[in-house]
Amino acid sequence: MAALEEPFFGTYGTWEARNPDCVARGLDVSSETRMIILLFASICFCQVLFMASRAPRVTWEAVYLPMVETVLYGMAASGNGQMRLSDGRVVPMARFCSWLITCPIMLFQVVALHNQE
């Protein structure tokens, strides 16, 4: 078997040079998509306000989770929720960070519901 001429991931910038149309599409978000994302952010913010108004009866998780989603959708609408790698690929870092800080809390809520029964 012949040796590969370049490493699997390529050298810095080779993927980007070979796929310029893909790089451009990865960074482009239409105005309609931004409006839908802002709509979701507004809905999450209304949920934060509603849950905060019920403060003694709801736990902090019920306010925290939609607040994180409001920030996430706001970052996504502004285009700051993505990170561009050195080879040109776009990674939605805001989404991964949101999952990292919300999933353990949601699992804690599921366990708490199970323990109530």
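Heavy atoms of other residues, nucleotides or ligands lying less than 6.0 angstrom from CZ of Phe108 number 12 at most.
Considering CE of Met67 and CE of Met51, their distance stands at 12.5 Å, rounded to 0.5 Å. Rounding to the nearest 0.5 angstrom, the gap separating the CG atom in Leu49 from the SG atom in Cys44 is 11.5 Å. Atoms CE and CZ, on Met75 and Arg95 in that order, are 12.5 Å from each other to the nearest 0.5 Å.
The two residues Phe45 and Thr70 make their nearest non-hydrogen contact at N-OG1, 3.3 Å. Nearest heavy atom pair, residue Thr59 against residue Gln109, reads OG1-NE2, 4.3 Å. Across all their heavy atoms, Met106 and Leu65 have their closest contact at CG-CD1, 3.7 Å. Among all heavy-atom pairs drawn from Ala76 and Ile37, the shortest one is CB-CG2, 4.0 Å. Summarising the geometry of Ser78 relative to Arg34, their closest heavy-atom pair is C-NH1, 3.6 Å, with the distance given to 0.1 Å. Among all heavy-atom pairs drawn from Ile105 and Ile101, the shortest one is CD1-O, 3.4 Å.
No single ILVMFWY cluster, assembled from side-chain heavy atoms under 4.5 Å apart, contains both Ile43 and Val48.
Under the ring-ring contact (aromatic ring centres under 6.0 Å, His included) criterion, Phe50 pairs with no residue, sequence neighbours left out. Residues satisfying the ring-ring contact (aromatic ring centres under 6.0 Å, His included) test with Phe40, not counting sequence neighbours, are Tyr73.
Using a 4.5 Å heavy-atom cutoff, the side chains of Leu107 and Val111 are not in contact.
Taking Ile, Leu, Val, Met, Phe, Trp and Tyr as hydrophobic and joining them when side-chain heavy atoms fall under 4.5 Å apart, one finds Leu72 isolated, its cluster having no other members.
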